[in-house]
Each structure stands twice: as C-alpha cells, then as structure tokens.
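Have a look at the structure below, then the notes.
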Amino acid sequence: MSDRNHSAHAADGHHHDTAAHGTIRGYMIGFGLSVVLTAIPFLLAMRDFGITPQMTAFLIMGFAVVQIVVHMVYFLHMNSHSEGGWNMLALIFTVVITVIMLAGSLWVMYHLNTNMMPMGEVSNTP
C-alpha cells in the first residue's frame, strides 16, 4: 500500500530529493569564472606589473581562495540549504582545521628560522 501511495505522490511531481542540480548556464558561469581566476594569477606571475613579490604572492593566494569558493558553489553545489545545512557545517569544520594547520605550520617554521643559531657563526676553535 505504501508503494502505491508513494508512486501516486511521485506522479504529482513532488520529489523528496533535496540535492541541488546544476544547469548548463550555472556550469558555464562557473567555468568562465574559473578560467578568469586562473588566467589572472598566471599574468601576475609572468609579467612585471610593478608589484612586490610578497604582494604578488598574496594576490595569487587571494585568487586561489576565490576560485575554491567558485568551485564549491558552481560545481559542488554547496550552500546552506543542501542536505539540511550539514554540508556547510562540514565545510566550516574543514576550513577551521585547515587554517589551524597552516597557521601553526607557518608559525613553527617562522620561529624555527628566527631562533635557530646560524651555522656560519659556529667556530671549531675552543
């Protein structure tokens, strides 16, 4: 009896699938943004725009972060509504763990670099 009711309900056009489905237009927008967000960092790295190397690195990292967001929205269809918000919660947890790991690694490497005794100043004579 429940199969008959479920098939009758499905015939009405009501679906219980909450997964987002992409459209050709959405995929093309995502593809165009991805191409632009890839081409700009290549241009920044290949040509001299009068920007310091540190600023160039920060700009390239910024474009990488924006491109990650574009991929998540247009290709993975992640938003706050998909799967009851659990996708967004998993994403936030992943971002927090990644930031902790990267910040901690950079902090350790910076302090190792500044606090280690330079090898050039060691002398073998007593």
Side-chain angles (χ1 to χ4, degrees):
M1 179 168 164
S2 64
D3 290 335
R4 185 173 50 117
N5 289 340
H6 182 67
S7 62
H9 183 69
D12 293 338
H14 296 96
H15 299 285
H16 295 286
D17 186 18
T18 60
H21 299 286
T23 62
I24 297 291
R25 181 177 180 268
Y27 285 124
M28 293 307 291
I29 290 171
F31 177 72
L33 287 171
S34 295
V35 168
V36 169
L37 292 170
T38 300
I40 292 173
F42 271 111
L43 286 173
L44 285 171
M46 299 300 284
R47 299 193 181 209
D48 184 23
F49 290 103
I51 304 172
T52 65
Q54 292 83 8
M55 186 58 140
T56 302
F58 282 119
L59 284 172
I60 290 173
M61 285 189 284
F63 279 109
V65 169
V66 172
Q67 191 168 41
I68 289 170
V69 172
V70 166
H71 282 250
M72 287 189 314
V73 171
Y74 286 100
F75 299 121
L76 298 176
H77 310 295
M78 291 184 74
N79 57 30
S80 60
H81 303 294
S82 63
E83 302 212 12
W86 285 106
N87 276 346
M88 192 59 65
L89 186 64
L91 172 69
I92 291 169
F93 177 74
T94 303
V95 167
V96 167
I97 295 299
T98 304
V99 166
I100 289 171
M101 280 186 4
L102 288 174
S105 297
L106 290 173
W107 181 75
V108 167
M109 287 188 290
Y110 172 78
H111 284 285
L112 282 175
N113 186 39
T114 57
N115 295 326
M116 295 292 290
M117 181 172 51
M119 295 304 289
E121 294 180 14
V122 176
S123 64
N124 292 334
T125 58

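We count residues from 1, following the sequence as given.
- Applying the 6.0 Å contact sphere to CG of L112 captures more than 12 heavy atoms from other residues, nucleotides or ligands.
- No continuous path of ILVMFWY side-chain contacts below 4.5 Å connects M61 to I51, so the two sit in separate hydrophobic clusters.
- Following chains of ILVMFWY side-chain contacts shorter than 4.5 Å, one can reach F63 starting from M55, so the two form part of one hydrophobic cluster.
- Remark: H71 NE2 to L37 CG distance equals 8.0 Å, nearest 0.5 Å.
- If you chain together hydrophobic residues whose side chains sit under 4.5 Å apart, V36 and L44 fall into the same group.
- Within 6.0 Å of the OH atom in Y27, the count of heavy atoms belonging to other residues, nucleotides or ligands exceeds 12.
- Of all the heavy atoms in M78 and L91, the pair that sits closest is CE-CB, 3.8 Å.
- One hydrophobic cluster, built from ILVMFWY side chains closer than 4.5 Å, cannot hold both F42 and F49; they sit in different ones.
- Taking each heavy atom of T38 and P41 in turn, the nearest pair found is O-CD, 3.4 Å.
- If you take CG on L76 and CD1 on I68, they are separated by 11.0 Å, rounding to the nearest 0.5 Å.
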#### Entry: S34/Y74 under side-chain contact (heavy atoms from CB on, under 4.5 Å): CA gap, chis, key distance, verdict
CA-CA 10 Å; S34 295; Y74 286 100; over 6 Å; no
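- Counting non-hydrogen atoms of neighbouring residues, nucleotides and ligands closer than 6.0 angstrom, the CZ atom of F58 reaches no more than 12 such neighbours.
- In this structure, Y110 places its OH atom where only 12 or fewer heavy-atom neighbours from other residues, nucleotides or ligands lie under 6.0 Å away.
- At a threshold of 4.5 Å between side-chain heavy atoms, the hydrophobic network of Ile, Leu, Val, Met, Phe, Trp and Tyr places V96 and L102 in two separate groups.
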